[in-house]
J.: 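Could you have a look at this structure, given as structure tokens, before my questions?
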Number of protein chains: 2
Amino acid sequence: VIERLVIVGVGLLGGSAALAARAAGLARRIVGVGRDRARLGPPVAAGALDEATTDLPAGVAGADLVLVAVPVLASEEILARIWAAAPAGTVVTDVGSTKAGIVRRAEALRPAGRLHFVGSHPMAGSERSGFSAARADLFQGARVVVTPGETSEPRAVKTVTGFWEALGARVSLLDAEAHDRAVAAVSHLPHVVAYALMDAVARLEADALDLAARGFRDTTRIAASDPDVWTEIFVANRAALGQCLRGFRQALDELEALAARDPAALRAALARIRGAREALR
Amino acid sequence: VIERLVIVGVGLLGGSAALAARAAGLARRIVGVGRDRARLGPPVAAGALDEATTDLPAGVAGADLVLVAVPVLASEEILARIWAAAPAGTVVTDVGSTKAGIVRRAEALRPAGRLHFVGSHPMAGSERSGFSAARADLFQGARVVVTPGETSEPRAVKTVTGFWEALGARVSLLDAEAHDRAVAAVSHLPHVVAYALMDAVARLEADALDLAARGFRDTTRIAASDPDVWTEIFVANRAALGQCLRGFRQALDELEALAARDPAALRAALARIRGAREALR
């Protein structure tokens, strides 16, 4: 049992972690830290938090485990402030969708204190954001990638993996760079594609949106994702994402070329791709 | 009430139309025509068809309404054979996802007989195919675009729109070219994008598919669609689709460029796109 679990940023992910930790009886005290006092009211009222504060140093004082659940670039900035305020031995993790940046930042801070940072990326979410979208079962059955570095303490890695497993998640370990390449492919690329698709159709054939059926809705659902979160991700991971975009444009060009000159080869390509998609189920 | 409804091609769409017409008591006799006798067994056993035949002329003899529910290019070929066999006054419609080609073919046949063709495109479906995926409620609440031409008889248009409305669909009228541009944007473009996305990720980062969450699954769901159906659609509508692909590539390039040099403008673009997606709900 964690004595004092501190969650910095009580939105969709932080709020869901608070609700899930409460439901699992995982912490004696759950403390929320946010910038905006008004937004801290609902999670306290919902019983997800025992206390809430806008004062980061006061919040993390005495913490055993700190979960940073704010957008990626903000996480990197907030890390130094946690390092200055939390007691020696505190384990810190996060929920960021890119990991190389924050792991580098934590490595740079290591000489300055005896906190332990181990990065996490819960592959769960929603196109909705904020505590109003939080759910106690958000991590149930979800994959969480934990990214220990070469200098990570085994005890801290175990604390972080144990935390997510207690919330019902399946944990995978990957190094930060391999993680960033993988999520560029299966998460960031689909997001930028969905945004571009929604944008193109709205500009080219806005009237046609009346005819949009389930295929269009599913394919563009994540184009309603939070612009703040995704701006940071696209900027932070643009090298790996650029690599994926090159592969995607090539796949698209190939399909278009086959439609123009070789229907049998197009059919074979679509059958191969369908097989790959069906293997995913 | 229709005396003799003939459905050519008893797969997902034809089979669902048979089940829905049966449930609505819309026809005294429902006849299925297919190429493969073994595939006609299940819809007869399910009570969707009163009779089934592999003999197209025998099937359409005496028909009041013929629904052609085979892939697009096959529909165009089959139309001449229906024209030769069905009685004068028979109304013929289809379910094809592109309409300009079949409407042109029907116009060419018009001097050869007194049948009436009015094109239809039910915007309903599934990534699954075949009668085993058919459902009596597939058209309930779905949009069906009916595409009368300048020479269409009002009575035939009314028969076709009335048919779909009786199956629970909402009917829109559009001319065939406007329809083809609209579906290139909201249906064919998302399909080719989903296929390319699935293909690119399977090639670039196959191991990363283990980490694929709901966003990737939703965005690529329609990449499991029927290769026969979609090869014909991509080929038949490649001019309108090419136009959409140009717009899509431009939108993608813009987002990538903004991520590299102007995060604030990227954020504004994502917020604008999110607004367009939310307006769709």
Side-chain angles (χ1 to χ4, degrees), chain A residues 123-124 143 145 181-183 185-187 189-205 208-209 211-213 215-224 227-228 230-231 234-235 238 244-245 247-248 251-252 255-256 259-260 263 266-267 270-271 273-274 276-278 280, chain B residues 123-124 143 145 181-183 185-187 189-205 208-209 211-213 215-224 227-228 230-231 234-235 238 244-245 247-248 251-252 255-256 259-260 263 266-267 270-271 273-274 276-278 280:
Chain A
M123 311 281 293
R143 174 85 61 172
V145 181
R181 283 195 305 274
V183 294
V186 297
S187 172
L189 177 63
H191 276 82
V192 73
V193 162
Y195 277 118
L197 179 60
M198 184 67 231
D199 195 27
V201 174
R203 290 201 224 176
L204 289 166
E205 289 278 344
L209 290 170
L211 301 180
F216 185 79
R217 286 169 200 276
D218 280 1
T219 316
T220 57
R221 184 182 57 79
I222 54 178
D228 292 321
W230 285 93
T231 297
F234 292 153
V235 170
R238 67 182 183 280
C244 291
L245 277 168
F248 170 73
L252 197 61
L255 294 176
E256 189 177 21
L266 175 61
R267 197 208 159 282
L270 300 186
I273 298 167
R274 176 206 229 183
R277 180 60 183 82
E278 284 180 339
L280 192 64
Chain B
M123 311 282 293
R143 175 84 61 170
V145 181
R181 284 195 305 274
V183 294
V186 298
S187 172
L189 177 63
H191 275 82
V192 73
V193 162
Y195 277 117
L197 179 59
M198 183 67 230
D199 195 28
V201 174
R203 290 201 224 176
L204 288 166
E205 288 279 343
L209 290 170
L211 301 180
F216 185 78
R217 285 168 200 277
D218 280 1
T219 316
T220 57
R221 184 181 58 79
I222 54 178
D228 293 321
W230 285 92
T231 297
F234 291 153
V235 171
R238 66 180 184 280
C244 290
L245 278 167
F248 170 72
L252 197 61
L255 294 177
E256 190 178 21
L266 175 61
R267 197 209 159 282
L270 300 186
I273 298 167
R274 189 228 274 251
R277 180 60 184 81
E278 285 180 339
L280 192 63

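Proteins come first, then strands; the chains are lettered A, B, ... in the order of their sequence lines, and each starts at number 1.
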J.: Which bit of B/Arg267 is near chain A, if near means a heavy-atom gap under 4.5 Å: side chain, backbone, both or neither?
T.: both
J.: I want to check something: taking the side chain as every heavy atom from C-beta on, are B/Leu211 and B/Phe216 in contact at a cut-off of under 4.5 Å?
T.: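 Of all side-chain heavy-atom pairs linking B/Phe216 with B/Leu211, none is under 4.5 Å.
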J.: Measure B/Leu252 against the heavy atoms of chain A and call it side chain, backbone, both or neither at under 4.5 Å.
T.: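 Both parts, backbone and side chain.
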J.: What's the spacing between A/Cys244 SG and A/Arg181 CZ if we round to 0.5 Å?
T.: 10.0 Å
J.: Using a cut-off of under 4.5 Å on heavy-atom pairs, state which of A/Ala276, A/Pro190, A/Ala200 scores highest against chain B.
T.: A/Pro190
J.: Please classify the contact between B/Arg238 and chain A as side chain, backbone, both or neither, with a heavy-atom cut-off of under 4.5 Å.
T.: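 Looking at B/Arg238, just its side chain touches chain A.
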J.: Please flag which part of B/Leu266 lies under 4.5 Å from any non-hydrogen atom of chain A: side chain, backbone, both or neither.
T.: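 Contact with chain A: backbone and side chain both.
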J.: Do A/Arg277 and B/Arg217 make a side-chain contact, defined as non-hydrogen atoms from C-beta onward lying under 4.5 Å apart?
T.: yes
J.: Heavy-atom cut-off 4.5 Å, strictly under: side chain, backbone, both or neither for B/Leu204 against chain A?
T.: side chain
J.: In terms of heavy-atom pairs under 4.5 Å with chain B, which of A/Pro263, A/Ala259, A/Ala260 leads?
T.: A/Ala259
J.: Tell me the closest heavy-atom pair linking B/Ala251 and A/Ala196, and the distance in Å.
T.: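 The answer is CB-O, 3.6 Å.
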J.: Where is the tightest heavy-atom contact between A/Ala224 and B/Glu278, given as atom of each residue plus distance?
T.: CB-CG, 4.2 Å
J.: Is there side-chain contact between A/Val192 and A/Phe248, with at least one heavy-atom pair below 4.5 Å?
T.: no
J.: Check whether any side-chain heavy atom of A/Thr219 lies under 4.5 Å from a side-chain heavy atom of B/Asp218, and answer yes or no.
T.: no
J.: What part of A/Leu209 lies closer than 4.5 angstrom to a heavy atom of chain B: side chain, backbone, both or neither?
T.: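 For A/Leu209, backbone and side chain are both near chain B.
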J.: Heavy-atom pairs under 4.5 Å with chain A are the metric here; pick the option from B/Val235, B/Leu245, B/Val201, B/Leu197 that has the most.
T.: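 Option with the top pair count is B/Leu197.
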J.: Which bit of A/Arg203 comes within less than 4.5 Å of chain B, counting heavy atoms only: side chain, backbone, both or neither?
T.: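 Side chain only.
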J.: Below 30° counts as parallel, above 60° as perpendicular, anything between as tilted: where do the rings of B/Phe234 and B/Tyr195 land?
T.: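 B/Phe234 vs B/Tyr195 ring planes: perpendicular.
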J.: What part of B/Thr220 is in contact with chain A, defined as an atom under 4.5 angstrom from a non-hydrogen atom: side chain, backbone, both or neither?
T.: both
J.: Could you tell me which portion of B/Ile222 (side chain, backbone, both or neither) has an atom closer than 4.5 angstrom to a non-hydrogen atom of chain A?
T.: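 For B/Ile222, side-chain heavy atoms alone lie under 4.5 Å from chain A.
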J.: Considering non-hydrogen atoms only, spot the tightest contact between B/Ala271 and A/Pro227 and give its length.
T.: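 Heavy atoms only, the tightest pair is CA-CG, 3.6 Å.
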J.: Go through B/Asp228, B/Val183, B/Val145 and name the one with the most non-hydrogen pairs under 4.5 angstrom from chain A.
T.: B/Asp228
J.: Between B/Ala223, B/Ala213, B/Ala124, B/Gly215, who has the most heavy-atom pairs with chain A when the cutoff is under 4.5 Å?
T.: B/Ala223
